[in-house]
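Each chain gets a letter, A, B and so on, in the order its sequence line appears, and its residues count up from 1. What's counted below: heavy atoms across the whole structure, side chains too, no hydrogens, waters or symmetry copies.
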Amino acid sequence: MITIRFFSLIREAIGCKEMSVEWSEQVSTIAALKQQLVHHHGRHWAEALHQPNLVHALNQRVVSADAPLKEGDEVAFFPPMTGG
Amino acid sequence: MITIRFFSLIREAIGCKEMSVEWSEQVSTIAALKQQLVHHHGRHWAEALHQPNLVHALNQRVVSADAPLKEGDEVAFFPPMTGG
Amino acid sequence: MGTVLVQSDDFSVHKAYDELVSAYPGAALATFTGYVRDVGASGDVHQLELEHYPGMTERILRELGQQAERRFELRGWSIIHRYGCLEVNEPIVWVGVVASHRVAAFEGCQFLMDTLKTDAPFWKREHKTDGSAEWVTANDNDTLRRQRW
Amino acid sequence: MGTVLVQSDDFSVHKAYDELVSAYPGAALATFTGYVRDVGASGDVHQLELEHYPGMTERILRELGQQAERRFELRGWSIIHRYGCLEVNEPIVWVGVVASHRVAAFEGCQFLMDTLKTDAPFWKREHKTDGSAEWVTANDNDTLRRQRW
């Protein structure tokens with residue numbers, strides 16, 4: 001399984017905080033996972049996940065979209081951080 | 001009268017904290033006052049007041065040696081500051 | 001050596017300061033505190049909501065602290081950052097940095113504030129006096145300041 | 001608006017901080033505290049003696065505060081500097097600066113520390129553990145940092 005977490009604007013736009021998907025060859029990178037999520041869900045997901053400034057984290061580290069995924073990984077999608 | 005104050009190393013070297021001299025044409029600038037002090041006192045004063053990094057203040061503001069003096073002024077001589 | 005606290009409760013700046021000073025006496029100490037402003041990016045603010053990514057937040061803050069410690073030869077550092085709903089004038093973030101000399105203390109403290117702004121997974125939403133709410137968008141100046149380090 | 005305190009007595013960093021925060025809430029607050037180090041410029045230090053020029057010191061610190069206020073658009077600032085005989089680990093100087101944004105708060109605080117080091121008439125003498133005493137000489141780095149502003 002791959003755990004997926006959404007935060008802030010992204011979470012609000014798609015109405016989902018956390019979900020899991022089975023790992024497979026079709027979701028072997030973050031970019032591929034994004035494609036699958038957009039494919040399975042609707043327009044809101046496409047808009048949210050295709051934002052140019054979307055940030056991806058893999059196991060709680062920011063990574064680029066071509067980062068490879070393996071069984072048990074935790075992926076997160078969120079907008080640029082605004083703490084401090 | 002002109003009040004003259006000495007601080008830190010300079011005060012120690014000449015063994016004087018504060019003194020007064022009569023204002024006259026002969027002490028119409030800080031440089032002239034320095035010359036007169038060295039002339040009236042000894043070698044210690046010459047060494048202390050001819051230090052290249054000596055700082056001069058006139059009425060509690062740092063000034064250059066050619067600053068003109070008038071009756072009632074307060075002059076101070078000291079090494080570079082080391083607060084903070 | 002440093003400490004990271006990520007919490008929803010209010011905190012005592014003085015307690016945090018005293019802990020740093022007693023652990024690392026006789027040094028230079030720089031601190032920064034950020035408070036909730038009544039005028040935010042989108043106008044009058046009634047409350048500030050801070051969402052965060054539990055786990056990742058603590059990890060990133062700890063890594064930034066360790067980076068600062070090596071880079072500026074810090075003796076000690078402490079980061080406290082809140083999440084949840086904060087009232088106007090409450091503290092959001094406190095960073096305290098101890099070094100042997102003032103320049104290192106200032107730089108360490110600024111480095112931590114500049115980097116946590118863009119690297120720690122927090123997201124601010126301003127709840128306004130008129131009842132509406134708006135997510136704060138990332139600030140280009142913050143990104144530029146981040147790149148200086 | 002700012003305050004200057006030049007005193008031989010010890011002081012409370014927390015009291016100074018609280019006064020700034022209550023006067024200027026909901027902002028960014030940067031502070032710096034300098035403590036007496038046990039290892040000074042000339043070796044092991046037992047006590048630090050600070051001579052100052054009464055009157056000129058207060059005037060210079062007030063002018064530096066007013067300059068910082070205009071230049072960095074500060075909301076408030078406070079400078080406390082001690083003179084006399086200080087023990088190891090006691091605070092020498094505290095500077096607190098309040099601004100609307102963090103960059104101004106940091107810059108105002110650093111400006112004040114960098115400028116008071118070279119402009120305020122204080123002179124340090126280190127009393128060493130072996131009974132000798134030595135005047136601290138001005139630091140070239142401090143002069144260079146002063147010139148940046």
Side-chain angles (χ1 to χ4, degrees), chain C residues 12-18 20-41 44-45 48 75 86-114 116-117 139 141-142 144-145 148, chain D residues 12-18 20-41 44-45 48 75 86-114 116-117 139 141-142 144-145 148:
Chain C
S12 163
V13 163
H14 298 335
K15 182 165 168 281
Y17 183 102
D18 287 342
L20 263 184
V21 169
S22 58
Y24 310 100
L29 207 164
T31 75
F32 179 85
T33 322
Y35 291 88
V36 181
R37 277 193 286 271
D38 56 359
V39 177
D44 288 354
V45 169
L48 185 71
R75 294 201 202 179
L86 280 69
E87 305 293 327
V88 168
N89 296 346
E90 285 189 355
I92 307 169
V93 59
W94 187 80
V95 171
V97 161
V98 185
S100 297
H101 296 283
R102 83 179 185 291
V103 176
F106 272 123
E107 290 198 335
C109 196
Q110 269 186 293
F111 171 87
L112 286 176
M113 280 306 305
D114 285 348
L116 76 79
K117 281 246 164 203
N139 184 322
N141 283 335
D142 288 338
L144 289 174
R145 286 191 67 86
R148 289 189 323 154
Chain D
S12 163
V13 163
H14 299 335
K15 182 165 170 279
Y17 184 102
D18 287 342
L20 262 184
V21 169
S22 59
Y24 309 99
L29 206 164
T31 75
F32 179 84
T33 322
Y35 291 88
V36 180
R37 279 192 285 271
D38 55 0
V39 178
D44 287 354
V45 169
L48 186 71
R75 292 202 204 179
L86 280 70
E87 304 294 326
V88 167
N89 296 345
E90 285 190 353
I92 307 169
V93 59
W94 186 81
V95 171
V97 160
V98 185
S100 297
H101 297 283
R102 84 179 183 292
V103 177
F106 272 123
E107 292 199 332
C109 196
Q110 270 187 290
F111 171 87
L112 286 177
M113 280 306 304
D114 286 347
L116 76 76
K117 279 245 167 205
N139 184 321
N141 284 336
D142 288 338
L144 289 173
R145 287 191 66 86
R148 291 188 324 155

*Check each atom of C:Asn141 against the heavy atoms of chain D and say whether the ones under 4.5 Å are side chain, backbone, both or neither.*
neither
*Can you measure from CG (D:Asp142) to CZ (C:Arg102) and round to the nearest 0.5 angstrom?*
4.5 Å
*Does the side chain of D:His14 come within less than 4.5 Å of C:Val13's, by heavy atoms?*
no
_Close approach to chain D in residues 87-100 of chain C, criterion heavy atom under 4.5 Å_ = C:Asn89, C:Ser100
*Quick one: which residues of residues 25-34 of chain C reach chain D at under 4.5 angstrom, heavy atoms only?*
C:Pro25, C:Gly26, C:Ala27, C:Ala28, C:Leu29, C:Ala30, C:Thr31, C:Phe32, C:Thr33, C:Gly34
*Working to the nearest 0.5 Å, report the span between CD of C:Gln110 and CD of D:Glu107.*
7.0 Å
